[in-house]
Each structure stands twice: as C-alpha cells, then as structure tokens.
Undergrad: 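Have a look at the structure that comes next, please.
Nothing fancy with the numbering, it's 1 onward along the sequence. Just so you know, these numbers use all the heavy atoms, side chains as well, and skip hydrogens, waters and symmetry mates.
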Amino acid sequence: MNHKMNLLIPEEIMFEIFSWLPVKSLLRFKCSTKFCTSLVSEPDFVNIHTYRSMSRSDGTKFILREKWESIFFTAEQREDEKDSAPFLQIARYNYLYLHGLAYYSQLNCVNGLCCMWDSLSTRPAAIFNPSTREVRFLPNIDGEFSSSNYSLGFEPEEKKFKVFSRYKERHWVFTLGIDESWRENKNISFAIPYFKPSVCISGVIYQLINGAIAAIDIKSEKCETIALWNSSRESPNYYELIAVKGKLEVIDYRKWVGGYLDLWIFDQTPQRKWEKHIISVPSIWNAMKPGLSSIMARDGEIVFVVIFKSGGACLCYDVTRKSWRELKIMGLPKENYIKGIYSYAESLVSLE
C-alpha cells in the first residue's frame, strides 16, 4: 500500500489489527480517514478479513426464517452471563424489509454473500451482503420473467462468485462483477433442478439429483456426478447436503420419527467411498415427536430446526463429541417460531 498516514503505527500493523475487526467497526472507520477507506476496499484485505471471520466464533452470523409469514430475520450468537450458554439474539431492526427481501422463500449463503429468490414467483433473484447490507438484483434469464431456482458458489483461486441455474431445459451461469447477462452453460449435459439446498466446498458446488450428487466445478463450469452409497435412483427428497469442516456429508432423515438419523460422510480420495454414522436423537426430545423443518451445519455442528406442538427449537449436534445441546432464540415475536436457519461469515465483499 502506498498510503501515507499521520500515525506512529506502521501500516502493516494497522492491516493486521483491522483484519480481525467486525464489519460494523470497519464501516465506521471507513469514513474517518482516506487510509481506512482504501484499506477496506482492497481485494487482499477483503479476502484475509473474510477468511478470519470464518475462523472466529463471533464471525459467524445467522439468518432465521420465521414460520407463519415466512419472514427472514438476522441474528447473532451471544452467551448468557449466568451460565455462559450460547443463544441467538434476533436483531431489533430487520433491514431486509428495505429491499423487499424479507418475503423471499429461498436462501443460499456462501463466503459472506447470500442469494435469495422465490421459486414460485417471477421476481428476480437477489444477491446481498448481510454484513454491509448491499443488494443487487440479478437480470432475468433469457430476458424473460419466469420462476427458477439458483445455486451460489465461490471459486477460491480467482476469488469469483458465480450463480448457476436451469431454465427452459438449459443451464445458465452468471459471474458477479463481470457478467451483465446470463451465459448459457453447455458443459452440463444432465438435468440439475436446483430445488434442494446446495453446498459449496473448495470451489465445487454439490447439488442433489436423483440417485446421485452433481458436482459443479465453479472455475471450469463443468460438472460430474458422484454416486451415492446405494445404486437405486431414488428421489433425494429425504436427503440433505451439508458441509462439516470441509467434508461433504449427507443426512438421511427418513428414520427421524424412529429417533435416529443416518449420516453419510464422503471420502474425497480416488476410491470415493461413503462412511455411515448413526445419530441418535435424545429421548427427551424424541418423546415429544418433533417434526424436522430444516438442517444446516456450522463450526463442526449440525443444526436441526424442529417443530413441536408448542413451538419450535434449534437442536445442535456436535459431530466430534457426539453430543447434543439446544440453541435458544431470543427476541422472536410471541407465538412465532423458526422454520429455517442459515449461517454466513462476515465479509466486506462488494457487489459492484
């Protein structure tokens, strides 16, 4: 950096200190000096800051989907002063209303950015950064207004975000910050409906299809299939993809009513084997016959949103310790409960 500062602190030290600060603080500093304004916009700083946010426990934030009106809220994890038990505190000000995003039905978060859309509406998909509150609406595919599903991915080598979709039996891709319109992707020869949540790991988007998993290489925009542990081409309706500590895993929740789930972990070696684990649901919760609403993974835990007769709850399973805990939610309007939960890392990534 070639910026001059009237400070005794070297710029390298300032870079290091600022890279550990939350986005909210950085945005305040951005308005104070030319150095800060330039620093938080530099690609190298943004990349390092995002990486460190993903490694910090307080760098992970949440978006919650409320049950009755399908409204999204933002939240962050805090600890109870009495027993140090973590809980989620819903933000008082729901800024998603500002851009009409609170009523979108689908959400996909990758490396600090989120893609939101409504699969039953012709409204355009939106990319937004929940940390900076920046929003960009994507152009309609093929210039037409039509409902569709999407999958957001991040390519770590070139630091590019891409959105993939399927429309009129053809595959399309959009590169953020580069493309002004969708490009047809002829490298994928089979149908990927994108109706199930995808996960992005090390530059590859994984998406469930009938009897297999589609693996889309974001850089080359090519795709291959990964066979599941069984040979049948059954519907993926009862499967959920998750990424736990960089590993691709699949939860088969058909046996949820019986008090347990099957967790399949994919071996990335050339043998491509699946390893099975059984997760037992604690009897105190299983006796209440909860319904399973959504599943996600973050910081080595699998988070299950379950629905009881009296409301909903977030139950967390630690994959390493094989233990359960409840993640309480504070600030939710009365008589409402959560239907879905999503996590994202704080990021300064710009949508320009």
Undergrad: Just by modelled atom types, is the N149 backbone N or O under 3.5 Å from a matching donor or acceptor in the S165 side chain?
TA: yes
Undergrad: Can you give me the closest heavy-atom contact between C109 and C114, atom names plus distance?
TA: SG-SG, 2.5 Å
Undergrad: Check whether the ring centres of W172 and Y150 lie less than 6.0 Å apart, and answer yes or no.
TA: no
Undergrad: Please say yes or no: joined through hydrophobic side-chain contacts below 4.5 Å, possibly via intermediate residues, are I279 and V257 part of one cluster?
TA: no
Undergrad: Partners of E157 by side chain to side chain contact (heavy atoms under 4.5 Å, CB included), sequence neighbours excluded?
TA: E155, K219
Undergrad: Mind listing the side-chain donor-acceptor pairs of residues 312-320 below 3.5 Å, one per line with the distance, residues two or more places apart or on another chain?
TA:
residue	atom	partner	partner atom	Å
D318	OD1	T320	N	3.0
D318	OD1	R321	N	2.9

Undergrad: Over all heavy atoms of both residues, which pair between I188 and H171 is shortest? Give the atoms and the distance, please.
TA: CG2-NE2, 3.5 Å
Undergrad: With a 3.5 Å distance limit and no angle check, can you tell me whether D252 reaches the backbone of R254 through a side-chain donor-acceptor pair?
TA: yes
Undergrad: Mind checking side chain to side chain contact (heavy atoms under 4.5 Å, CB included) for T269 and listing every partner two or more places apart, or none if nothing turns up?
TA: D267, Q271
Undergrad: For I209, is there any backbone N or O sitting under 3.5 Å from a side-chain donor or acceptor partner on K196?
TA: no
Undergrad: Side-chain donor-acceptor pair under 3.5 Å between R65 and Q106, yes or no?
TA: no
Undergrad: I278, V281: one ILVMFWY side-chain cluster at the under-4.5 Å cut-off?
TA: no
Undergrad: Does one hydrophobic cluster hold both I48 and I17, with members joined at side-chain heavy-atom distances below 4.5 Å?
TA: yes
Undergrad: I'd like to know if the side chain of W117 reaches the main chain of L107, judged simply by a donor and an acceptor atom lying under 3.5 Å from each other, with no hydrogens or angles considered.
TA: no
Undergrad: Can you see which heavy atom on S131 is nearest to which on L27, and at what distance?
TA: O-CD1, 4.2 Å
Undergrad: Answer yes when E301 and R325 have at least one side-chain N-carboxylate O distance shorter than 4.0 Å, and no when they do not.
TA: yes
Undergrad: Side chain of K162, backbone of F174: donor and acceptor closer than 3.5 Å?
TA: no
Undergrad: Roughly how far, to the nearest 0.5 Å, is the CD1 atom of I201 from the CD atom of Q268?
TA: 6.5 Å
Undergrad: Is there a continuous path of hydrophobic side-chain contacts, each under 4.5 Å between heavy atoms, that joins Y260 to V305?
TA: no
Undergrad: Verify the ring-centre separation between W264 and Y253: is it less than 6.0 angstrom?
TA: no
Undergrad: Only counting residues at least two apart or in another chain, list the ones meeting side chain to side chain contact (heavy atoms under 4.5 Å, CB included) with S220.
TA: D217, K222
Undergrad: Checking side chain to side chain contact (heavy atoms under 4.5 Å, CB included) for the pair F266/L228: CA distance, chi angles, key distance, verdict?
TA: CA-CA 9 Å; F266 182 62; L228 294 177; over 6 Å; no
Undergrad: When you check the gap from the basic side-chain N to the acidic O, do E275 and K247 get nearer than 4.0 Å?
TA: no
Undergrad: Looking at W324 and S280, would you say the former's side chain and the latter's main chain have a donor-acceptor pair under 3.5 Å?
TA: yes
Undergrad: Using side chain to side chain contact (heavy atoms under 4.5 Å, CB included), reason through I216 and V204 one step at a time and then give a plain yes or no.
TA: CA-CA 5 Å; I216 306 172; V204 179; 5.7 Å; no
Undergrad: Does E221 pair with K160 as a salt bridge, N-O distance under 4.0 Å?
TA: no
Undergrad: Indicate the atoms forming the closest heavy-atom contact of N129 with G112, along with that distance.
TA: OD1-O, 3.7 Å
Undergrad: Look at the aromatic rings of F154 and F161 and report parallel, tilted or perpendicular, splitting at 30° and 60°.
TA: tilted
Undergrad: H49 side chain to L21 main-chain N or O, any donor-acceptor pair under 3.5 Å?
TA: yes
Undergrad: Flag yes if more than 12 heavy atoms outside F190 fall under 6.0 Å of its CZ atom; otherwise flag no.
TA: yes
Undergrad: If every non-hydrogen atom of D179 is compared with every non-hydrogen atom of V173, which pair is closest and at what distance?
TA: OD2-O, 4.2 Å
Undergrad: Could you pull out all residues at least two apart from V46 that satisfy side chain to side chain contact (heavy atoms under 4.5 Å, CB included)?
TA: T50, L348, V349
Undergrad: Closest heavy-atom contact between I226 and W274?
TA: CG2-CZ2, 4.2 Å
Undergrad: Using the salt bridge (charged side-chain N to carboxylate O under 4.0 Å, His left out) criterion, which residues pair with R170? Sequence neighbours excluded.
TA: D142, E184
